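See below for the structure under consideration.
None of these values were measured; they are calculated from a predicted model.
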Amino acid sequence: MNERSSQSQLFFERVWDVVRCIPEGKVTSYGAIARFLGAARSARMVGYAMNASHKHDPSIPAHRVVNRLGLLSGKNHFSNPQRMQHLLEKEGVLIKDDKVQEFEKLFWDPLTELESF
DNA sequence: ATGCTGACGTCGC
DNA sequence: CGCGACGCCAGCA
């Protein structure tokens with residue numbers, strides 16, 4: 001494993017740490033996490049980290065991460081596409097047409113909530 | 001081996 | 001102000 005890929009691995013782990021901090025019933029976005037980690041243009045990698053999260057640690061609440069519009073863009077990557085919505089609804093988050101209702105109200109921004117890392 | 005594809009978001013024109 | 005291009009780079013075909 002070269003240095004660059006170990007950096008990426010580190011990035012993944014930081015993403016997972018942040019995701020683990022998301023409280024129940026709250027959601028955040030890929031971009032917010034990316035910005036929080038100082039990599040504003042790596043939102044895509046955050047999504048990729050979510051994909052990898054399943055096999056790394058299934059307990060990571062990947063369902064609490066949606067895109068910046070509040071859409072459940074990653075639901076197809078769960079064992080069952082309905083799984084993501086179901087998990088959120090179980091936490092009291094209402095979903096309609098794959099979109100989080102009252103998204104702004106439920107939005108959990110690591111920049112404000114964690115303030116620094 | 002090598003090339004393409006994405007759980008996105010920002011920047012440029 | 002709308003649309004297109006690019007950055008990011010691990011996994012898979």
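Between C/dC3 and B/dA7, the distance separating the two C1' atoms is 23 Å to the nearest Å. For the P atoms, the distance from C/dC9 to B/dA1 is 23 Å, rounded to whole Å. B/dC4 and C/dC6 are spaced 16 Å apart, taking the C1' atom of each and rounding to whole Å.
Hydrophobic clustering of Ile, Leu, Val, Met, Phe, Trp and Tyr side chains at less than 4.5 Å, counting indirect connections, unites A/Trp108 with A/Val46. Hydrophobic clustering, with ILVMFWY side chains joined whenever heavy atoms are under 4.5 angstrom apart, keeps A/Leu88 apart from A/Met50.
Checked by atom type and distance alone, the side chain of A/Asp97 never pairs as donor or acceptor with a backbone atom of A/Lys99 at under 3.5 Å. Of the possible donor and acceptor atoms, one in the side chain of A/Trp16 sits under 3.5 Å from a partner among the backbone N and O of A/Ala49. A donor-acceptor pair is defined here as one N or O able to donate and one able to accept, closer than 3.5 Å; such a pair exists between the side chain of A/Arg64 and the backbone of A/Ile22.
Around NE2 of A/His56, the count of heavy atoms belonging to other residues, nucleotides or ligands within 6.0 Å exceeds 12. The 12-atom threshold is not exceeded at CZ of A/Arg83, counting heavy atoms of other residues, nucleotides or ligands nearer than 6.0 Å.
Across the protein-nucleic acid pair, A/Asp98 atom CG and B/dC8 atom P stand 13 Å apart, rounded to whole Å. Here C/dG11 presents its P atom at 15 Å from CZ of A/Arg44, a figure rounded to the nearest Å. Spacing between atom CZ of A/Phe11 and atom P of B/dA7 amounts to 17 Å, rounded to whole angstrom units. Distance, A/Phe12 CZ to C/dA10 C1': 6 Å, rounded to whole Å. C/dC9 atom P lies 16 Å from atom CD of A/Glu13, rounded to whole Å. When rounded to the nearest whole Å, the span between OH of A/Tyr30 and P of B/dA7 equals 9 Å. Whole-Å rounding puts the A/Trp16 CH2 to C/dA10 P distance at 12 Å.
Listed in residue order, the members of residues 67-89 of chain A having a heavy atom less than 4.0 Å from DNA chain B are A/Asn67, A/Arg68, A/Ser73, A/Gly74, A/His77, A/Phe78. Of the residues in residues 45-63 of chain A, A/Met45, A/Tyr48 come within less than 4.0 Å of DNA chain C through at least one heavy atom, sorted by number.
In this model, the phosphate group of B/dT10 is approached by a side-chain N or O of A/Arg35 to a distance below 4.0 Å at OP1 or OP2.
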